[in-house]
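Here the structure comes first, spelled out in structure tokens, and everything after it is commentary.
Everything quoted here is computed from the prediction, not taken from an experiment. Naming convention: chains lettered A, B, ... in sequence-line order (proteins, then strands); numbering from 1 in each chain.
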Protein chains: 2
Amino acid sequence: MQSATEMSKCEQCIVRKFSSLKSLDKSELISISECKTSQQIEKGSFLFEEGDHLNGVYCIKSGICKLTKLASNGKSHIVKFIKKGDLLGQRSIVSDDAVGLSATAIETMEVCFIPKSEILSVFKNNANFSADIINDICYDLKLANEHIVQMAQKPVKSRFASSLLSLYEEFGVDKEGFLKISLSREEFANIVGTATESMIRMISDFSKKELIETEGKKIKLLNNVKLGLLAEDL
Amino acid sequence: MQSATEMSKCEQCIVRKFSSLKSLDKSELISISECKTSQQIEKGSFLFEEGDHLNGVYCIKSGICKLTKLASNGKSHIVKFIKKGDLLGQRSIVSDDAVGLSATAIETMEVCFIPKSEILSVFKNNANFSADIINDICYDLKLANEHIVQMAQKPVKSRFASSLLSLYEEFGVDKEGFLKISLSREEFANIVGTATESMIRMISDFSKKELIETEGKKIKLLNNVKLGLLAEDL
DNA sequence: TAAAAAGTATGATATTTGTCATTGTAAAAT
DNA sequence: ATTTTACAATGACAAATATCATACTTTTTA
């Protein structure tokens, strides 16, 4: 539970600016404020795991997590990243099914949890909110379909180039121009769907070709145009 | 427009039994009946194409279509099949964005088109309907995520075995045990994400190993257990 | 019904990608 | 401070998959 001062903060919360929660009115926000709980998730720990039953929706106030799925052969795949301003677990509003993905913090996160009962009553009374939720999920589905095609039809090099550009778009760069999100070679391999060794070689190769520059785990994109061409596999 | 006798048929229509439309009440169905239009789509022609703006939802009364996406390198990928009882174009209810996929009939289809305005008013007044729509889309998203992981992490053989089993589940078999849906080698290649020649070789190989039996385009699964193991890439 | 077109099959070969073994290197724990 | 432990790099090789050329079949079209 929250203190009274904290409770009132939903109205100003960053998450509202980006997510479907922008469609909520004052009274809806207040009732959500009163039943939400906050928690901090340390880097490396799970927000939830594949097979868990969620009973509400998470709002991400800060930090980043990866959504992963375990393949039957034991390999883990990174499907998507979730960051500040995103909602997570929308399906639990209308379904009691287990979640299909695990959410692991790759930077310490602050999240709020809004119980299903609360969000469901808003959902039923506010058609704009439900329309926004649908629109978000449809957009995710559209991206997922593009993702499928990319995985199925493009070689590993293209997929890596494309991932780099997406991370650039989604997370931006620091003062020195390095991607703000920093991942291990294994994590990159798990985004692209290749062996870790292949990813290591590809990173060396991209560096030699001056497409990127590395400093430990940090990566700077040097030629977005060429990376774009590579991503399209022309 | 429809004749009066045809108009009344929404209530008994097959699509209602399977889709989100099951949540509609009598008066909602009647008003939909009054504004829907029917059309027949010949095998091989488009219901819509990538980039089109839909202005409503399609109900599939009969036939099958494939949803495809063109990759930037010119290859086309089959993302999903749509059959009797399915809805298509749900996103257009809440968004004016262009569709991301093309829908091509692979068996002549009978479809009804319900204009956006009509379905939107139902959507706003019937929370069960909107919940059902969300649930459907979330389920599609879940499948799409599994699909991504499969494409990224599994070899072509596994993907093919898995596709065969999915088609078996989704469409069933005829009296002689052949899959009811029949596709060209190229189409199979475009499901799995491989070259047509590779698909042809793989089909020969699966036949030799008595996993399947072919007769022209028709395919019969002979050993679902082994196919399942292959699909899991163990 | 002949000719054209589309679909299927197969070999030879090149390219891509994965696996296994080994070494180096940086980070974390004691 | 040093010993583990995780991560990164590289070589050698094997396996998977794509490409190109060609031939054969079936279906469509004229």
**Fill in**
From the candidates dA9(C), dG7(C), dT10(D), the one with an atom nearest any side-chain atom of Ile200(A) is dT10(D)

**Request:** Whole angstrom is fine here: how far is it from CZ in Phe206(A) over to P in dA9(D)?
**Result:** 15 Å

**Prompt:** Just by modelled atom types, is the Ser162(B) backbone N or O under 3.5 Å from a matching donor or acceptor in the Ser166(B) side chain?
**Reply:** yes

**Asked** Is a side-chain N or O of Ser198(B) found less than 3.5 angstrom from the main chain of Thr194(B), in a donor-acceptor match?
**Response** no

**Item:** Straight-line distance of Ile78(B) CD1 to Thr68(B) OG1, nearest 0.5 Å
**Value:** 7.0 Å

**Item:** Ion pair Lys116(B)/Asp96(B), N-O distance below 4.0 Å
**Value:** yes

**Asked** Hey, is the main chain of Lys83(B) close enough, under 3.5 Å, to the side chain of Asp86(B) for a donor-acceptor pair?
**Response** yes

Protein-nucleotides 19-21 of chain D N/O pairs under 3.5 Å:
{"unit_1": "dT19(D)", "atom_1": "O4", "unit_2": "Arg201(B)", "atom_2": "NH2", "d": "3.0"}
{"unit_1": "dC20(D)", "atom_1": "N4", "unit_2": "Glu197(B)", "atom_2": "OE2", "d": "3.4"}

**Message:** If I take atom CZ in residue Arg185(B) and atom C1' in nucleotide dC24(D), what distance separates them, rounded to the nearest angstrom?
**Reply:** 14 Å

**Item:** Rounded interatomic separation in angstrom, taking CG from Leu230(B) and P from dA16(D)
**Value:** 11 Å

**Prompt:** Under a 4.0 Å N-O cut-off, is there an ion pair linking Asp140(B) with Lys80(B)?
**Reply:** yes

**Asked** Under 3.5 Å, is there a donor-acceptor pair between the side chain of Lys154(A) and the main chain of Ala231(A)?
**Response** yes

**Message:** Between Thr214(A) and Gly216(A) (side chain of the first, backbone of the second, donor and acceptor by atom type, cut-off under 3.5 Å), is there such a pair?
**Reply:** no

**Prompt:** Just how far, in rounded Å, is P of dA9(C) from NZ of Lys208(B)?
**Reply:** 11 Å

**Asked** Which residues in residues 153-164 of chain A have at least one heavy atom lying under 4.0 Å from any atom of DNA chain C?
**Response** Pro155(A), Val156(A)

**Message:** On the nucleotide dA9(C), are OP1 or OP2 found under 4.0 Å from the side-chain N or O atoms that Ser204(B) carries?
**Reply:** no

**Item:** Rounded distance in Å - CE (Met202(A)) to C1' (dT17(C))
**Value:** 10 Å

**Item:** Gap between atoms CD and P, on Glu186(B) and dA6(C) respectively (whole Å)
**Value:** 11 Å

**Asked** Is there a donor-acceptor pair under 3.5 Å between the side chain of Glu232(A) and the backbone N or O of Leu229(A)?
**Response** no

**Message:** Could you tell me how far apart Asp205(A) (CG) and dA9(D) (P) are, to the nearest whole angstrom?
**Reply:** 13 Å

**Request:** Whole angstrom is fine here: how far is it from CG in Asn73(B) over to P in dT16(C)?
**Result:** 14 Å

**Prompt:** Given dG18(C), is OP1 or OP2 found less than 4.0 Å from the side-chain N or O atoms of Thr194(A)?
**Reply:** yes

**Fill in**
Per nearest nucleotide of DNA chain D, the residue lying toward the 5' end, Leu183(A) or Ala152(A), is Leu183(A)

